[in-house]
Number of protein chains: 2
Amino acid sequence: MDLNGKTRLSDSVARNITSLIIGGQYKQGAKIPNETELSEKLNVSRSTIREAVKTLASQNVLEIRRGCGTFVCDNPGIAEDPLGFRFINDKVKLAFDLLEIRLVLEPHIAQKAAERAVDEEIKQISAQCAEVEKLILSGSRYEEEDVLFHIKIAQAAKNVVIPNLIPVINSTIFILMEITNTALREETILTHRAIAKAIENHDGEAARNAMIEHIMHNQRFVEKLKGS
Amino acid sequence: MDLNGKTRLSDSVARNITSLIIGGQYKQGAKIPNETELSEKLNVSRSTIREAVKTLASQNVLEIRRGCGTFVCDNPGIAEDPLGFRFINDKVKLAFDLLEIRLVLEPHIAQKAAERAVDEEIKQISAQCAEVEKLILSGSRYEEEDVLFHIKIAQAAKNVVIPNLIPVINSTIFILMEITNTALREETILTHRAIAKAIENHDGEAARNAMIEHIMHNQRFVEKLKGS
């Protein structure tokens with residue numbers, strides 16, 4: 001009974017902290033007050049605060065950095081594997097179907113980005129394109145920066161949902177793809193460049209087509225896995 | 001230290017149970033063995049099992065039904081608000097952008113469903129269409145059955161991701177929509193019927209167009225909210 005009461009209290013405190021984040025009092029990526037300060041502010045015990053922070057950390061709302069403090073996540077509230085992909089057994093089919101969704105969504109997003117991007121966004125997209133290229137040419141892994149390239153395009157398209165959706169879709173695909181493959185690396189450089197260039201020129205149709213080419217190319221790689 | 005050790009053990013037991021579900025030993029929607037049986041099977045204490053089950057319940061993998069037992073969820077692993085929509089402040093913009101995504105995705109899905117649906121799926125889609133209609137005509141809330149109509153279409157399209165994605169996108173839109181609005185109800189009946197009919201006729205283009213009409217209509221409703 002006591003334990004249940006405590007759990008419920010910490011859940012309600014977790015909701016309070018969430019409201020403070022949504023209300024903008026604690027910004028995304030910023031450090032939040034320590035346990036003692038929060039316990040005074042919200043008028044509950046430190047152990048209740050600790051429990052609430054743990055709950056929010058498990059929901060990817062907060063990040064506890066040892067010896068450093070507790071921070072609001074950059075994209076708060078996106079669970080690990082939020083759409084339950086681990087319960088889909090056929091991973092090749094999963095990757096193929098994720099690419100089918102990307103092939104429907106992202107050309108549209110690229111087109112909107114070309115139509116709506118402001119100068120600062122164009123600069124960021126080009127810089128991110130160069131960053132991915134640098135990693136590829138140095139033989140490093142580039143998945144994270146690649147996803148960021150697609151996120152920056154989605155942000156320029158001004159749809160608030162897509163930047164949250166892209167990492168979920170893309171990270172799962174990367175698990176399956178042999179990104180060390182030389183051919184894929186070269187094609188990625190060329191098609192990324194074409195996408196960035198089209199957005200810079202505010203050419204919606206060219207951006208759409210370059211994105212189609214980019215995703216089709218990825219699809220061909222997964223297609224090979226299907227056959228194997 | 002002891003507490004940490006225990007937490008880690010229950011996490012590893014939670015992963016074991018997850019593997020049993022993925023492996024098909026415990027089916028989606030089915031009841032799993034009770035605490036005592038699981039504790040014997042996995043060779044850990046009942047309190048560790050209880051902890052693991054609680055973790056999996058918080059991840060929407062298991063559902064604890066009081067006095068009834070513990071069950072695997074129908075769509076395991078899809079968290080509540082998995083994409084962190086609660087952190088997007090402008091809910092009208094959110095609904096509008098979700099509809100933008102639906103307008104890109106779902107016509108494609110409807111077309112694929114028309115091309116790929118087998119007889120049993122067509123029967124289910126028609127039955128679900130009739131079910132939504134019955135609720136609308138009796139003046140009841142119909143959101144859940146409406147989402148299920150779209151899920152059944154997605155299933156017929158044979159993409160394993162879309163059925164997991166549709167509820168996330170649609171449930172959030174419903175929060176904003178005034179589904180008691182008579183005009184919306186009538187249009188929903190007509191456009192749902194057109195979609196179901198086109199799938200039944202394996203007419204991909206008609207299914208695509210009917211879905212566009214359906215979503216455009218919803219979009220007009222949210223557009224009004226934007227203005228207000």
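Residue numbers begin at 1 in each chain, while the letters A, B, ... track the order of the sequences.
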Keeping Glu37(A) on the side-chain end and Asn34(A) on the backbone end, is there a donor-acceptor pair under 3.5 Å? yes
Taking 4.0 angstrom as the limit, do Glu100(A) and Arg102(A) come out as a salt bridge? no
Between Asp11(B) and Arg15(B), does any side-chain N to carboxylate O distance fall below 4.0 Å? no
For Glu144(A), enumerate each residue passing the salt bridge (charged side-chain N to carboxylate O under 4.0 Å, His left out) test, keeping only those at least two apart in sequence or located in another chain. none
Would you mind listing every salt bridge (charged side-chain N to carboxylate O under 4.0 Å, His left out) that reaches into residues 160-169 of chain B, with sequence neighbours excluded? none
Step by step, would you call Leu99(B) with Glu223(B) a side-chain contact (heavy atoms from CB on, under 4.5 Å)? CA-CA 10 Å; Leu99(B) 280 167; Glu223(B) 190 80 68; over 6 Å; no
Within 6.0 Å of CD in Glu205(B), more than 12 heavy atoms from elsewhere: no
Among [options], residue most engaged with chain B (heavy-atom pairs, under 4.5 Å):
options	result
Ile101(A), Leu105(A), Ile169(A), Asn89(A)	Ile101(A)
Leu98(A), Val168(A), Ile109(A)	Leu98(A)
Val61(A), Thr55(A), Asn60(A), Asp90(A)	Val61(A)

Side chain / backbone / both / neither for Ile88(B) at chain A, heavy atoms under 4.5 Å: side chain
Part of Val104(A) lying under 4.5 Å from any heavy atom of chain B: both
Listed by residue number, which members of residues 152-164 of chain A have a heavy atom under 4.5 Å from any heavy atom of chain B? Lys158(A), Asn159(A), Val160(A), Val161(A), Ile162(A), Asn164(A)
Could I get the full list of side chain to side chain contact (heavy atoms under 4.5 Å, CB included) partners for Ala198(A), not counting sequence neighbours? Ala206(A), Ala207(A)
